[in-house]
Colleague: 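Okay, here's the structure, questions in a sec.
Not measured: the values here are computed from a predicted model. Letters A, B, ... are given to chains in the order of the sequence lines, protein chains preceding strands, and every chain is numbered from 1.
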Protein chains: 2
Amino acid sequence: MALMAATQQVKRRATNQGAAVKDALAAEDTFRSAQDVYATLRANGEKIGLSTVYRHLQIFVDDGLADVIHKPDGESTYRLCGDASTTHHHHLVCRSCGKAVEIEGPAVETWADKVAAQNGFTDVNHTVEIFGLCASCAG
Amino acid sequence: MALMAATQQVKRRATNQGAAVKDALAAEDTFRSAQDVYATLRANGEKIGLSTVYRHLQIFVDDGLADVIHKPDGESTYRLCGDASTTHHHHLVCRSCGKAVEIEGPAVETWADKVAAQNGFTDVNHTVEIFGLCASCAG
DNA sequence: CGTCTTATCGGGAATCATTCCCAGTATGAC
DNA sequence: GTCATACTGGGAATGATTCCCGATAAGACG
Ligand SMILES: [Mn+2]
Ligand SMILES: [Mn+2]
Ligand SMILES: [Zn+2]
Ligand SMILES: [Zn+2]
């Protein structure tokens with residue numbers, strides 16, 4: 001069989017580059033771009049390459065440890081999932097500083113599935129992101 | 001005042017390149033990339049440059065005539081709004097062929113605003129897109 | 001511990017969508 | 001018709017992301 005279960009854990013080596021990327025993400029509750037994470041790490045004297053940053057960010061997403069949001073300009077931003085990482089959720093994101101709050105909307109989930117079914121669509125998923133200015137940035 | 005109302009109509013010249021781009025979009029009910037529209041027009045013998053295609057697609061978006069959706073890979077895709085273009089709406093999009101259905105969800109709108117307000121966010125907007133396989137592509 | 005297999009690194013090249021630039025062209029007002 | 005200038009388009013530039021591949025280091029095993 002060529003297809004493995006998506007939840008199959010892959011054996012990974014523990015490297016300090018990987019730890020550094022995770023620490024960088026964990027230090028902020030904001031969605032951050034790969035370029036930004038890379039710049040921060042280098043500024044802190046970390047010895048790491050840009051390719052490696054991209055590699056680990058993608059691994060986190062694959063493992064369900066991080067979420068990715070595409071900014072309007074197309075750039076990908078990443079953030080570690082909170083403690084409630086096991087449940088499906090969405091985000092309320094500050095356009096200015098990137099600060100994000102995990103949100104849930106059961107009603108939205110059922111609505112999305114219903115609308116899709118009514119139109120004959122199957123194998124559905126959805127993206128729901130709310131953007132705005134957080135209290136700090138609004139002042 | 002440096003800021004004009006977003007609804008202010010700008011005077012534009014009628015060019016056949018602009019018409020060609022609009023016709024190309026109107027011919028399909030799918031979200032299509034600038035590159036795709038460009039390739040189609042050239043294949044049809046239209047005399048038009050890639051820059052011009054991007055230019056007009058952006059104009060349509062600015063004028064509220066078209067919607068733009070960013071595919072997971074980050075590429076922007078465009079589609080003319082339907083007759084109900086005056087009302088705020090979202091889309092149910094086929095992952096395979098790009099076919100899109102305009103959908104409305106009043107409950108989602110109020111939910112989004114409420115969640116944002118509860119968390120002290122202002123000047124909010126949101127993206128809600130449902131992806132799946134249309135009936136044709138599912139067979 | 002040493003050795004060995006190989007996953008992981010990382011720097012630079014390559015890709016690719018999108019934007020920029022600007023001299024040439026066509027629109028529409030008068 | 002004339003004219004000011006909005007529009008055009010081809011090529012260069014940008015910038016994020018991916019590729020490539022020889023060098024490095026994690027960790028299994030004895
Ligand atoms: Mn959801
Ligand atoms: Mn909405
Ligand atoms: Zn903020
Ligand atoms: Zn389809």
Colleague: Could you walk me through whether His90(A) and Thr127(A) pass side-chain contact (heavy atoms from CB on, under 4.5 Å), step by step?
Modeller: CA-CA 8 Å; His90(A) 298 283; Thr127(A) 63; over 6 Å; no

Colleague: Is it the case that one hydrophobic cluster holds both Val93(A) and Val61(A), taking links as side-chain heavy atoms less than 4.5 Å apart, direct or via other members?
Modeller: no

Colleague: What's the CG-C1' distance between Asp36(B) and dA17(C), to the nearest Å?
Modeller: 14 Å

Colleague: Out of curiosity, does Ile48(B) fall in the hydrophobic cluster containing Leu80(B) (side-chain heavy atoms, cut-off under 4.5 Å, transitive links)?
Modeller: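 Cluster IDs for Leu80(B) and Ile48(B) match.
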
Colleague: Taking DNA chain D as the partner, which of residues 40-47 of chain B come within under 4.0 angstrom of it by heavy atom?
Modeller: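 Within this stretch, Arg42(B), Lys47(B) sit under 4.0 Å of the strand.
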
Colleague: Calculate the interatomic distance between Tyr38(A) atom OH and dA16(D) atom P; express it in whole Å.
Modeller: 13 Å

Colleague: Please list, chain by chain and in numerical order, all residues satisfying salt bridge (charged side-chain N to carboxylate O under 4.0 Å, His left out) with Lys71(A), sequence neighbours excluded.
Modeller: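 Only Asp73(A), Glu75(A) meet the salt bridge (charged side-chain N to carboxylate O under 4.0 Å, His left out) criterion with Lys71(A).
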
Colleague: Between His70(B) (side chain) and Pro72(A) (backbone), is there a donor-acceptor pair under 3.5 Å?
Modeller: yes

Colleague: Can you tell me if Glu102(A) uses its side chain to pair, donor with acceptor, with the backbone of Gly82(A) under 3.5 Å?
Modeller: yes

Colleague: Once you measure the plane-to-plane angle for Phe31(B) and His91(B), does it fall in the parallel (<30°), tilted (30-60°) or perpendicular (>60°) bin?
Modeller: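 Phe31(B) vs His91(B) ring planes: perpendicular.
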
Colleague: Determine whether a donor-acceptor pair (N or O, by modelled atom type, separation under 3.5 Å) exists between the side chain of Arg79(A) and the backbone of Asp29(A).
Modeller: yes

Colleague: Mind checking if Ser76(B) touches a base, just sugar-phosphate, or nothing, with heavy atoms under 4.0 Å?
Modeller: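 It contacts sugar-phosphate atoms only.
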
Colleague: So His126(B) and His88(B), would you call those rings parallel, tilted or perpendicular, with 30° and 60° as cut-offs?
Modeller: perpendicular

Colleague: Select base, sugar-phosphate, or nothing to describe what Leu50(B) touches, counting heavy atoms under 4.0 Å on all strands.
Modeller: base

Colleague: Sub-3.5 Å donor-acceptor pair from the side chain of Glu46(A) to the main-chain atoms of Ala20(A), do we have one?
Modeller: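 No: the side chain of Glu46(A) does not pair with the backbone of Ala20(A).
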
Colleague: Roughly how many Å is it from CG in Asp73(B) to C1' in dT18(D), rounded to a whole number?
Modeller: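 Interatomic distance, CG of Asp73(B) to C1' of dT18(D): 13 Å.
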
Colleague: Other than Val108(B), which residues form its hydrophobic cluster under the rule that side-chain heavy atoms must be closer than 4.5 Å?
Modeller: Leu92(A), Val101(A), Ile103(A), Val108(A), Trp111(A), Val115(A), Phe121(A), Val124(A), Val128(A), Ile130(A), Leu92(B), Val101(B), Ile103(B), Trp111(B), Val115(B), Phe121(B), Val124(B), Val128(B), Ile130(B)

Colleague: Closer than 4.0 Å, any side-chain N/O of Gln17(B) to the OP1 or OP2 of dC7(D)?
Modeller: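 For Gln17(B), the contact criterion (side-chain N or O under 4.0 Å from OP1 or OP2 of dC7(D)) is not met.
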
Colleague: Output the rounded distance in Å from NZ (Lys71(B)) to P (dA17(C)).
Modeller: 9 Å

Colleague: I'd like a table of atom pairs between the protein and nucleotides 12-16 of chain C - only N or O on both sides, under 3.5 Å - with the distance next to each one.
Modeller:
{"from": "dG12(C)", "atom 1": "O6", "to": "Ser51(A)", "atom 2": "OG", "distance (Å)": "3.2"}

Colleague: Donor-acceptor check, side chain of Arg12(B) to backbone of Ile59(B), threshold 3.5 angstrom: yes or no?
Modeller: no

Colleague: Any protein N or O atoms within reach of nucleotides 27-30 of chain D? Criterion: under 3.5 Å, listing atom names and distances.
Modeller:
{"from": "dG27(D)", "atom 1": "OP1", "to": "Ala14(A)", "atom 2": "N", "distance (Å)": "2.8"}

Colleague: Enumerate the residues from residues 53-60 of chain B whose closest heavy atom to DNA chain D is under 4.0 Å, giving them by residue number; use none for an empty result.
Modeller: Arg55(B), His56(B)

Colleague: Answer yes or no: is there a donor N or O on one side and an acceptor on the other, between the side chain of Thr77(B) and the main chain of Ile69(B), under 3.5 Å?
Modeller: yes

Colleague: Among dG10(C), dT8(D), dT17(D), find the nucleotide with the atom closest to the side chain of Ala34(A).
Modeller: dT17(D)

Colleague: Could you give the CD-to-P distance, from Glu75(B) to dT19(C), as a whole number of Å?
Modeller: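 Answer to the nearest Å: 12 Å.
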
Colleague: Going hydrophobic residue to hydrophobic residue with side-chain gaps under 4.5 angstrom, can you get from Phe131(B) over to Val68(B)?
Modeller: no

Colleague: Taking for each residue the nucleotide of DNA chain C bearing the nearest heavy atom, is the 5' side occupied by Asn16(B) or by Tyr78(B)?
Modeller: Tyr78(B)

